[in-house]
Amino acid sequence: MSKQASSTTAFAPASIGNVSLGFDLLGAALKPVDGTQLGDTVTVSDASEDSLSVTGRFADKLPPEPEKNIVLQCLHFFREKMQAQGKTVPKLALALSKNLPIGSGLGSSASSIVAAFAALNSHFDSPFDQDTLLLMMGECEGRISGSIHYDNVAPSYLGGMTFMTGVESPVSLSLPLMKNWYWTVCYSGLSVSTSAAREILPKEVALKDALVFGKQLGVFVHALHQQDASLAAQMMHDVIAEPHRQKLLPGFAEARDAAKESGALAFGISGSGPTVFAVTDNEQNANEIAQWLRTHYVKNETGFSHVCRIPEHGIEIHQS
Ligand code: HSE
């Protein structure tokens with residue numbers, strides 16, 4: 001098999017899972033307007049032994065044993081899938097720059113997984129197509145979070161706002177973006193494990209909630225296609241997870257009230273939290289909300305807030 005580069009780097013952006021109204025189905029990539037790189041990076045290089053090095057702001061929050069790191073597990077999985085096609089993956093050195101906080105609700109594990117698979121796939125001249133890669137990413141994400149869901153891996157990989165189909169092809173649909181919307185995100189600095197946040201959800205959904213869930217999704221997708229911001233924003237309520245997860249997020253109700261007072265069109269939990277997000281249609285309100293959240297919602301020095309747009313593209317690849 002031919003390889004073009006000796007080193008391939010992939011950056012995969014942070015993302016909002018669920019986007020309030022689309023539990024496990026809807027996700028959005030994030031790009032801070034101030035140019036901050038909010039996402040993890042994985043570099044794959046030719047080597048004589050497999051290895052993993054980890055750097056970055058949140059490197060010390062990961063298990064020290066390389067074998068427990070999801071990025072090395074992605075390599076093993078990628079190698080198995082290549083072997084199933086009769087192809088060999090030689091020894092590789094992997095380097096993860098862990099820039100997203102763990103258990104933050106910003107798609108931290110998904111970002112590492114997407115960067116790893118995207119770098120590996122590019123390094124070997126793209127043996128897997130987009131849908132196959134997404135299925136592989138979702139499976140790895142499931143190993144960490146306790147169930148397979150694609151609402152972080154898909155937007156991180158593809159960019160934009162993605163909607164999962166539940167079929168093998170296309171795995172994900174890209175929805176139109178509201179052109180004037182800003183997305184303020186705030187990570188409190190606390191950690192919420194996705195598997196724990198899923199454990200507390202009831203196994204059954206009431207009929208009335210199922211009806212609201214279905215109505216909201218249908219109307220929201222229609223409103224995006226019509227660029228009807230008011231209608232779209234009115235659909236952004238979480239009837240599945242937020243009522244049960246709020247108790248894991250100290251200060252959530254106050255943050256929502258303050259954001260609404262500063263002009264937020266919608267407010268919710270990003271993924272399984274504790275990050276929250278607010279949607280506005282102008283940058284000034286978005287900044288005001290970010291400032292309020294930084295002062296009142298952030299609980300320690302690891303917390304932060306960014307005003308973001310949804311980028312049209314997800315991963316960025318560089319080869320050398
Ligand atoms: N859809 C997932 C959940 C996202 O809410 O559990 C986790 O980041």
Side-chain angles (χ1 to χ4, degrees), residues 12-30 38-40 58 61-62 70 98-115 134-135 137-158 160-166 171-173 175 183 185-205 209-210 212-214 216-217 220 236-249 252 256 266-277 308 310 314:
S15 53
I16 296 176
N18 303 331
V19 199
S20 291
L21 78 159
F23 185 75
D24 276 3
L25 299 175
L26 194 61
L30 290 169
L38 193 61
D40 293 348
F58 295 98
K61 300 284 189 270
L62 292 173
I70 190 70
K98 187 69 206 164
N99 307 316
L100 290 179
I102 290 99
S104 59
L106 284 166
S108 174
S109 55
S111 174
S112 292
I113 290 166
V114 169
L134 275 172
L135 293 170
M137 291 166 180
E139 199 172 324
C140 277
E141 171 81 319
R143 290 180 191 175
I144 287 193
S145 63
S147 86
I148 296 181
H149 53 89
Y150 297 87
D151 51 332
N152 290 116
V153 291
S156 183
Y157 181 47
L158 301 171
M161 184 176 277
T162 55
F163 187 76
M164 306 319 299
T165 62
V171 171
S172 171
L173 304 175
L175 300 181
W183 300 71
V185 290
C186 180
Y187 167 55
S188 66
L190 305 178
S191 181
V192 171
S193 109
T194 298
S195 53
R198 295 181 79 83
E199 275 299 309
I200 63 167
L201 300 181
K203 302 291 168 264
E204 312 277 334
V205 172
D209 293 330
V212 172
F213 184 80
Q216 289 192 149
L217 271 179
F220 183 73
M236 295 178 71
H237 302 285
D238 182 350
V239 292
I240 304 284
E242 192 177 294
H244 307 282
R245 287 178 170 170
Q246 269 192 52
K247 59 175 176 273
L248 302 177
L249 314 186
F252 177 82
R256 180 188 52 211
F267 184 89
I269 303 172
S270 178
S272 52
T275 294
V276 290
F277 72 91
C308 300
I310 299 181

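These numbers come from a predicted model, not from an experiment. Counting starts at 1 for both ligands and their atoms, in listed order.
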Next on the checklist: Before you tell me yes or no, could you show the steps for F267 and V276 under side chain to side chain contact (heavy atoms under 4.5 Å, CB included), namely the whole-Å CA-CA distance, both residues' side-chain angles and the distance that decides it to 0.1 Å?
Outcome noted: CA-CA 7 Å; F267 184 89; V276 290; 3.6 Å; yes
TODO: Decide yes or no on side chain to side chain contact (heavy atoms under 4.5 Å, CB included) for L158 and L134, but give the supporting numbers first.
DONE: CA-CA 9 Å; L158 301 171; L134 275 172; 4.1 Å; yes
Worksheet entry | Check against side chain to side chain contact (heavy atoms under 4.5 Å, CB included), R245 and V192 | CA-CA 10 Å; R245 287 178 170 170; V192 171; over 6 Å; no
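Contact shell of ligand 1 (protein heavy atoms, cutoff 4.0 Å): N18, F23, D24, H149, D151, N152, T194, R198, R245, G271, S272.
Screening S108, S156, S112 for a side-chain hydrogen bond (donor to acceptor under 3.5 Å, both in side chains) involving D40 leaves a single residue, S112.
Within the structure, salt bridge (Lys or Arg N to Asp or Glu O under 4.0 Å) pairs that include any residue of residues 14-27 comprise D24-R198 (at least two apart or interchain).
In this structure, T165 contributes its side chain and V171 its backbone to a donor-acceptor pair below 3.5 Å.
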